[in-house]
Every structure is written in structure tokens, then in C-alpha cells.
Amino acid sequence: MPVTTILLITLAAVFALGFVFFKYFLGNKNTGTNTYILAGLRFLSIFILLLLLINPGIKQRELEIEKPQLLIAMDGSASIDHIEKADSLRQFAQFIKDHPEIRDRFNVQTYKFGQDLKKEDLVKIDFDLPQTNISKALRDLEKLNRTKKAAIVLLTDGNQTLGEDYAYYKGNGNTGIFPVIVGDTTAQTDLLISNLNVNRYAFLNNDFPVEAIINYSGIESIESRFEIRSGNSVLYSRNLKFNAGANSEIITTTLPANRLGGTVYEAVIVPLATEANKINNTRKFAVEVIDERTSVLILSSLLHPDLGALKKAIESNQQREATIQLINNLENFKISDFQLVILYQPNNNFNKIFEEIKSQNLHSWVITGTQTDWVFLNFVQGNFTREITSQTQEYFGTYNRNFTKFQFDDLNFSGLPPLEDRFGKLSLEGDPFSALLFQQIERIETRDPLLAVFENDASKHAALFGENIWKWRAQTFVNTGSFENFDSFISKLVQYLASTQKKERLSVNIETVYLESENILIEAQYFDQNYVFDPAGKLEIKLENKEAGTGINAEMLASGNRYVFEIENLEPGDYSFEIREIKSGLIKRGSFMVIENNIEQQFTSSNLKGMQNLAKNNMSQLYFLNDVEALINSLIAEDVYVSVQKSREKTLPLINWKILLFFLILSLGTEWFMRKYFGLI
């Protein structure tokens, strides 16, 4: 306790004694027992009041035992239920959790995983998830226990449908992985379509490719037939022959795209009489036929990694193609053949291109950088200018939540690597602009745009003030394990710039085909009469299954600059939707289809090899469901999983002690009753 606090407490006691002395003893010649009792009560009351005013802190030391974590991760996918091992898996996990030595040594927690990881009680766990991502579950569990010793008991059949191959996963030093394989590891006689590769989009009156990989497990020579059907029509067929030595075949063919819209196809292997699992003999797929493809021309004055990153991001959407061309070799190209022209770090060689863009009202996107000729660029267009300096500057991006031209998510732009451009004041004029991203310089946010779009009645334009966008794509992959988020952002920007559709007050973003296991996200934007996004709108959505006649009515929720509705596990079938804005009466109607995709029921046996590799890479042992005692003994025998005693020192303010209030009330009450009894009041 500080010396100052001790001094104050001492002064409080002296003050209370002095007050009592002057009150009860100074000049009082008839002191008796009652006087001493009343003086003591008054001293106690005053001293407690002064203590509460001083409010000293009382230090307390607490000791606690921190047990290591035992994380039981259970595969909650439908494949566990399909192989009829759900009850066995629950019993195995429950036996470990209830074991007295395990409970005494570990803090046990149970998790369920499919596509994502979720903490859940054993009694509530069911097995109905449509996808399995084992590597993501292991990674998430390690993140939860980054600084603590933990053991992960992984209960799964080893059949993964999403993510990186878990067989090569290696945990960090703090976490041990104990894999337990569920189900039959014996290979059964089976024919299956292991992979079906097809583009999601095709173009009218063209042929689109289909690739199917057929696998056979068995020892006998067999014959079957592969077919691709549309409704009752067989569009393609091929005879199959397999034996123990020749157990796979790749089939490649093309199908005609002669009807606009989405069409569902079915790839089928005629099943064998001895097959136990015939579900994996059939795979459905859908192709949307469109009559136009967006072509993008990327013109550059130099070679740069940004060019390849932009091309890959644009072509991640199969409806688009991108062509990279150096400005010095443009003789054989007509830019009017392209719906969008990207001008990368333009210089005076781009003069003719800017003239054509202006005269033909073409859509364009200018990307500047350290090699940009700003003297030329300031002169050749009127949307923006920059003061010319020889210095360069790094610019971070910040997300503009008020942008409403189209819908896109924040990629954590402020956490992405900076872009580089010339230093100098940026001025925007000419066509009205809207900023997607603002500049952040030396971590100071500005209102100057880093990425902006300009729109007039005839054309749309964009400007990105910085090079090295390829680093954004790479960092997005590091953060998420996929280029998808970055590519989607670029795709939406390109779609907006290349589109010639007029702006509507109510617009909807939805795919025409979904797989049964996909989460369906429907996005809408609602604008007021001035075409400003209206966050106070009330949008209602109605979904109806055309075949079953069942429907769903719900309200779309505002999220940033859009309204969203998300639903999962929608039954396969054809659906119609209607989105209505209540106040204005605006309505949007459309349709989409959900096709059957029983991917979790495609497997006939557990993935023994993958689980063995996982155990080997983590210096562990693979266990089976009948090895529960061996697993428990291994967990108990590990010396690294020991409890740690931790000491915590807490400072509690004296005013929190309720017992002091009790003594204060008791002393004041007792003094009052004694005075009343002796007639002193």
C-alpha cells in the first residue's frame, strides 16, 4: 500500500479520535460506561466514513490452475450419417469427454466442422452439413489456441470436399493433432465420377467442353457405359472397360449451346449389379448460355506484373476475356471491338487511343504509376489532373461505404500493401466522380480518391492512382487462401464499366444456377428518385419453388450500400423470386435453379491414406474408433500437456467491501438507539 494512503488512514484515525475526545471527554466530569460505548460507536462511524472517502486499494493474490486444452473436433458432414457412423462417433467423443483422468488433466471442448468450424455441445451435434473442409477446421482450431498448449482429437472419415489437401497439413509447436478415422477403410467395388469439369457459361451457337474423370475400385474386369443426358435425351455416350490395372479414364467431349438461359445436364455411369453405392454414379451440372462475351483490351506502355494480375482477375469470370497489348504493337487491333479499354501508365504514345475513346464514347479505365507521363495525361483528358513532381509516394486505400454505383465488399483495403504513384496534389473536375477507395498517406486518411469512377450519359470511365495492384491480389491469397475475393472485386468493377444498361432504381444481383450445397446470396440496391442509395427502404423478397409450390417470405436486410438475403440448404428445384420495395411499389422478378449435388454421399469408404499422411506429418499415430483406450493413454502419457499454476494480483477498492457498509449502519443505528434509551435525544 502506498505511503500516502497509509498516512491518510492514520490522519483519519487521529481525526476520528480527536472528534470523539472533544465531543465526549473534554470538560465532561461524569464519564461512565455509557459514555465510552457511545464514544466508541461514534469513532467507528467517523473512521469508516473517512476510510470510504480515502478508498484505499487492497491487493489480493489469487492462484489458479490452467489446464491444457483438449479440442474434440467432429466431422458434422452428411457423409458421416451416410456411412451410418453418427452414433459411434458421438459415443467415442462422449467416452473421452467423461473419462475421469481426461477431465482431471484437460479442459475439454467439443467442436463441429463442415465448411466452417463451430463450437457445439455433443448432445446438439447432428450430421447434415453439405461440405467438409478439414484443413480449415485444423487451421481455425490452432488460431484459437495460438499461445496455449492444446491437443486436437480429429474425428472424421477423411473425405474432404473443399479447401487445401489436409494430408499435407502440419501443426504448430503448441498444438498436437490426434487423427481418428471413422468408417470402413476397405475399398469396395465401385464406379464413380470423381471429377466433372465444365465451364459455368457457354456462348450461343458454340460448343462447350465437358471433361469427366471416371474411377473404378475393384479387382474384376467390368464393362459399363457413360452417358450425358438432358431430360430424356442422350446427348453423348461411351462404353467403359475397367480392371484392376486400368482403373481410371478421362472422357472429353463437347456439347452444343443452342438455347439461351440455364440448362441442367446429367452425367451418368450405368451402375454395376454389385455396387453398394450408386449415388456417385450420377453428377448433375448446369450451363448458362449467353449470347455475348465481354472483351477487355489492356494497353500498356511497359511490361509489369499488374498486367497479368488484371488479366487473371478479369478472366476468372468466364463471360469475359482480356487481351494484353503493348501500345507500340497496336496496328492489328480495333479498340471499338472491345467493350472496355484499360490504359496502363499512359504516355504520349496513347494520344490516338484517347482520341478514339472520346470520339466513339468508349468505356475506359486509366491506371497510373511511377512511369506515367503526367504532362500528357493532364492535357489529354479533363477528369483529373495532378501536380507534376519527380518524387514518388506510397498510397494505402480505405473503403468508401457510401459508394453506390455497384455492390462490392471491403477486402480490408487498408491492410493491403500500398500502391505507388507520383507525389502531388490531385484535382478532379469534368464528369462527376464517385470514389470506391480513398487515399491514405502515412496512415492519414484523406478524401482524395485512390480509385474513382466517372460517368456521363454516353460512357463510363475509371481511374486508379497507383501501380502494383498485383500485390493486392497476392496479399488477398495470403489472407484467405484464395484469389476469389480480389478477382470478384475486379470483376464487378469491369462489369460496371463495360455495361451499357441504364441505371434502375431497383437492381438485383443473383446467379441463375446454384448447387444444392451452396449458400445462396441475393443482393439488391434501391435508389431514391435522385439515384442516391436509400438505406431507409423496405425490401421484401418472396421465393417460390415452382414444382413443390412451397415458398419463403422474408425482409431483406440493409448491409452497407446494399440489401441482402442469404439462405442455405435450399432444396433442389426451379425457383422464382419477387423483390418488392414497399414504399415505392417497385418490383423486380426473376428465376434461378438449384441443382442436386450430393457430394458428401459420393464416397464409398474412408480416406485411409490421407489420414495416415496427416498423422505422419504431425508425428502422431492414426487411431480407429475401437482404439479409444489407446488414444486416452497417449493423451495422458504426453509430458507436454501439463497444468500450469498462475498467480494473479488484483487490487480491490475498499468501497466494494459491503461489510464496511454493514458496520457503518450498525454503529450509527446502535448509537441512535442507546441515545434514545438514555433520553439523550
Side-chain angles (χ1 to χ4, degrees), residues 67-77 79-81 83-113 117 119-123 125 127 132 134-135 137-139 141-142 144-145 148-160 165-187 603 605-644:
K67 298 179 181 179
Q69 300 284 337
L70 177 59
L71 312 175
I72 303 177
M74 303 172 64
D75 188 342
S77 64
S79 63
I80 299 296
D81 196 45
I83 62 176
E84 300 179 349
K85 290 294 181 180
D87 291 337
S88 300
L89 194 149
R90 282 196 194 94
Q91 292 170 7
F92 186 96
Q94 193 68 55
F95 187 86
I96 295 176
K97 187 176 181 181
D98 294 340
H99 195 278
E101 290 188 71
I102 292 293
R103 295 179 64 179
D104 182 62
R105 185 165 186 176
F106 293 93
N107 177 23
V108 183
Q109 297 178 358
T110 55
Y111 292 84
K112 168 185 172 180
F113 68 89
L117 182 73
K119 188 175 182 181
E120 197 161 332
D121 292 334
L122 270 175
V123 293
I125 290 180
F127 303 90
T132 309
I134 298 174
S135 58
L138 292 171
R139 203 163 46 241
L141 286 170
E142 285 197 337
L144 291 173
N145 296 273
K148 301 177 182 177
K149 284 291 183 182
I152 299 174
V153 176
L154 180 70
L155 294 162
T156 178
D157 58 6
N159 292 317
Q160 179 172 281
D165 191 348
Y166 70 89
Y168 302 100
Y169 187 87
K170 189 171 183 179
N172 60 33
N174 284 334
T175 306
I177 300 175
F178 297 81
V180 181
I181 192 165
V182 179
D184 188 2
T185 59
T186 304
F603 308 103
S605 60
S606 302
N607 187 354
L608 177 62
K609 186 176 180 181
M611 295 290 281
Q612 286 175 334
N613 287 338
L614 176 65
K616 182 179 179 181
N617 287 334
N618 291 275
M619 294 181 291
S620 182
Q621 176 184 343
L622 180 62
Y623 298 90
F624 296 83
L625 285 180
N626 56 359
D627 295 334
V628 61
E629 291 290 351
L631 173 60
I632 291 174
N633 291 335
S634 296
L635 289 169
I636 295 173
E638 289 282 353
D639 295 335
V640 295
Y641 303 120
V642 294
S643 299
V644 178

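Computed from a predicted structure; not experimentally measured.
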Notebook entry, point to check: Taking all non-hydrogen atoms of both residues, which atom of A150 and which atom of L71 are closest, and how far apart?
Noted result: CB-CD1, 4.5 Å
Notebook entry, point to check: Going from CG on N607 to CD1 on I134, what distance comes out if it is rounded to the nearest 0.5 angstrom?
Noted result: 8.0 Å
Margin query: Checking N174 now: which residues fulfil side chain to side chain donor-acceptor pair (under 3.5 Å) with it, not counting sequence neighbours?
Written below: none
Next item on the list: Go through the structure and list residues passing salt bridge (Lys or Arg N to Asp or Glu O under 4.0 Å) with D121, not counting sequence neighbours.
Entry: none
Margin query: Measuring only between side-chain heavy atoms, which start at C-beta, is I96 closer than 4.5 Å to V108?
Written below: no
Checklist line | Matching residue for L154 among D75, V180, L138 - test: side chain to side chain contact (heavy atoms under 4.5 Å, CB included) | finding: L138
Checklist line | Main-chain N/O of I177 paired to S620 side chain as donor or acceptor, under 3.5 Å | finding: yes
Next item on the list: State whether the side chain of D81 and the backbone N or O of A86 hold a donor-acceptor pair below 3.5 Å, judged by distance alone.
Entry: no
Checklist line | Side-chain donor or acceptor of Y166 paired with backbone N/O of G158 under 3.5 Å | finding: yes
Margin query: When you measure from the side chain of S606 to the backbone of V182, do you find a donor-acceptor pair of N or O atoms at a distance under 3.5 Å?
Written below: yes
Item checked: Any residue meeting side chain to side chain donor-acceptor pair (under 3.5 Å) with S135, in chain and number order, not counting sequence neighbours -> N133
Please table the atom pairs, donor to acceptor, closer than 3.5 Å between any side-chain atom in residues 632-639 and protein atoms at least two apart or in another chain.
from	atom 1	to	atom 2	distance (Å)
N633	ND2	E629	O	3.2
S634	OG	Y623	OH	2.8
S634	OG	A630	O	3.0

Item checked: Derivation and outcome, side-chain contact (heavy atoms from CB on, under 4.5 Å), residues F127 and L89 -> CA-CA 10 Å; F127 303 90; L89 194 149; 4.0 Å; yes
Check: Under 3.5 Å, is there a donor-acceptor pair between the side chain of N618 and the main chain of L614?
Finding: yes
Notebook entry, point to check: Sequence neighbours excluded, which residues qualify as side chain to side chain donor-acceptor pair (under 3.5 Å) partners of Y641?
Noted result: none
Check: Is the backbone N or O of I125 less than 3.5 Å from a side-chain atom of R90, with the two atoms forming a donor-acceptor pair by type?
Finding: yes
Next item on the list: Flag the pair T156 / M611 as yes when at least one side-chain heavy-atom distance between them is below 4.5 Å, and no otherwise.
Entry: yes
Next item on the list: Mind checking side chain to side chain donor-acceptor pair (under 3.5 Å) for S79 and listing every partner two or more places apart, or none if nothing turns up?
Entry: S77, D157, E600
Next item on the list: Let me see the working for L608 and I181 under side-chain contact (heavy atoms from CB on, under 4.5 Å), right down to the final yes or no.
Entry: CA-CA 7 Å; L608 177 62; I181 192 165; 4.1 Å; yes
Checklist line | Distance in Å, D627 CG paired with Q621 CD, rounded so as to fall on 0.5 Å steps | finding: 7.5 Å
Margin query: Measuring from atom OH of Y168 to atom CG of N617, what distance do you get when rounded to the nearest 0.5 angstrom?
Written below: 8.5 Å
Notebook entry, point to check: Can you tell me how far CZ of F95 sits from CG of L625, rounded to the nearest 0.5 angstrom?
Noted result: 13.0 Å
Check: Which pair of heavy atoms, one from Q612 and one from L622, lies closest together, and at what distance?
Finding: CG-CD2, 3.7 Å
Notebook entry, point to check: Quick one: CG on N107 to CD1 on I102, what's the gap to the nearest 0.5 Å?
Noted result: 12.0 Å
Notebook entry, point to check: How about L122 and M74: do any of their side-chain heavy atoms sit closer than 4.5 Å?
Noted result: yes
Next item on the list: Give, for atom CZ of R103 and atom CG of L70, the distance between the pair rounded to the nearest 0.5 Å.
Entry: 12.5 Å
